[in-house]
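Written out below as structure tokens is the structure these notes cover.
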Protein chains: 2
Amino acid sequence: MIFSKRCLHALRAVLYVGTQPPERDYIPIREISTKLDIPFHFLTKILKDLADQGFIESSRGAAGGIRLAKPTAELNVKEIIESIEGEDYFSGCILGFSKCDAANPCALHDRWVAIKEEIQKMLGEEHLESLSTRIQEQGLRLLEM
Amino acid sequence: MIFSKRCLHALRAVLYVGTQPPERDYIPIREISTKLDIPFHFLTKILKDLADQGFIESSRGAAGGIRLAKPTAELNVKEIIESIEGEDYFSGCILGFSKCDAANPCALHDRWVAIKEEIQKMLGEEHLESLSTRIQEQGLRLLEM
DNA sequence: TTTAATTAAGACAAAAAGGTCTGATTTAGA
DNA sequence: TCTAAATCAGACCTTTTTGTCTTAATTAAA
């Protein structure tokens, strides 16, 4: 699996929030945890990080929970992933070298550059809006089956 | 970073072996460990796994070490990676679902399919021969700098 | 046959990732 | 003002990954 559990939990959680009816304000983490079968306290920590990064907002107390901090069109999938996996998760060297570029390439550099740019392009184009729309219109799942 | 340490150590080790002069037979693991700055005992375990998988052969005792089990042209990079990261490392669902296919896709399925096929194609085309040649002819590195 | 050089095996330790628990704090609403 | 419902904070635990250490087994060559 390419992504860590943290990352998958985070993505599924924001997608869940993004596909809720617009009249809902804060969504309780307990609800997300139950619906998506993600450990509650673990999810709480992950979402706290996303809140610190400015992707979501949280409110304590009764009627509290989390909501998206920006319109879904402005919440980029690549940015969310990189905030969890690290900025250079997709831009780094496939053989793990810290400085690998055209001037000083590793043995797979040239071939990997083309692919990683496509991955970044694909993920950079995907926002919560496009994904949420697709999930709602086509009934795509957020749950393991 | 996409790959685990195990996987990077393994790839660099077999590339080191693959770029040695053909008159050399068994290469001591200690030499690989020192040259590539990989922890010796950790590398020994990783290489034992590669030997069990049939990628390399080992010999104990004086003048022992490891050597490739097949011609470099038959040692496929994708196969080596998958033997370490798992068979479905690149073929699996990007959102981590166990059953994700055209009939029952996740929200990123269609876009990810195209990319993962390219990754598999690229890595499937790369053998130790092509990489070793490139490393030797172009003086590409196996070392952190 | 002895010795030195090597991998194999397995116990152990350290670090990172994943997950649990308890209590403090905050908030809306009765 | 009180209470119930929520996040926040931090200690703690478990599992996986990464790495270390010691000893045994094997081998080539002196």
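Every chain is numbered from 1 and lettered A, B, ... according to where its sequence line falls, protein lines coming before strand lines. On a predicted model such as this, the values are computed, not experimentally measured, just so you know.
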Distance in angstrom units between [X] [atom1] and [N] [atom2], rounded:
X       : N      : atom1 : atom2 : result
A:Glu85 : C:dA16 : CD    : P     : 16 Å
B:Leu43 : D:dT20 : CG    : P     : 12 Å
A:Asp49 : C:dG19 : CG    : C1'   : 15 Å
B:Phe42 : C:dA9  : CZ    : P     : 17 Å
A:Ile84 : C:dA17 : CD1   : P     : 13 Å
B:Ile32 : C:dT7  : CD1   : C1'   : 12 Å
A:Arg60 : C:dT27 : CZ    : P     : 7 Å
A:Tyr26 : C:dT26 : OH    : C1'   : 12 Å

Ignoring the backbone of [X], work out which of [options] is nearest its side chain.
X       : options               : result
B:His9  : D:dG19, C:dT7, D:dT27 : D:dG19
A:Pro28 : C:dT7, D:dC8, D:dT7   : D:dT7
B:Pro39 : D:dT7, D:dC21, D:dG19 : D:dG19

Should the pair A:Glu125-B:Arg111 be classified as a salt bridge under the 4.0 Å nitrogen-to-oxygen rule?
yes
Is it true that B:Lys48 and B:Asp52 have a side-chain N and a carboxylate O under 4.0 angstrom from each other?
yes
Quick check: any donor-acceptor pair below 3.5 Å linking the side-chain of B:Lys5 to the base of D:dG19?
no
Do B:Lys45 and D:dT20 share a donor-acceptor pair, side chain to base, under 3.5 Å?
yes
Could you give all pairs that pass the salt bridge (Lys or Arg N to Asp or Glu O under 4.0 Å) test and reach residues 58-68 of chain A, with sequence neighbours left out?
A:Asp25-A:Arg67, A:Glu57-A:Arg67
Judged by nearest nucleotide, the residue sitting upstream toward the 5' end of DNA chain D, A:Gly61 or A:His41, is A:Gly61
Given that B:Ala51 and A:Phe40 both sit by DNA chain C, which one's nearest nucleotide is further toward the 5' end?
B:Ala51
Just to be sure I understand the rule, does B:Ile29 reach a base, reach only the sugar-phosphate, or reach nothing, if contact means heavy atoms closer than 4.0 Å?
sugar-phosphate
Hey, mind stepping through B:Ser4 and B:Glu85 against side-chain hydrogen bond (donor to acceptor under 3.5 Å, both in side chains) and telling me if it holds?
CA-CA 8 Å; B:Ser4 65; B:Glu85 303 290 16; 3.1 Å; yes
Quick one about A:Arg24 and A:Gln20 (side-chain donor to acceptor, distance below 3.5 Å, no hydrogens or angles considered), yes or no?
yes
For D:dT7, does OP1 or OP2 lie under 4.0 Å from any side-chain N or O of A:Ser59?
no
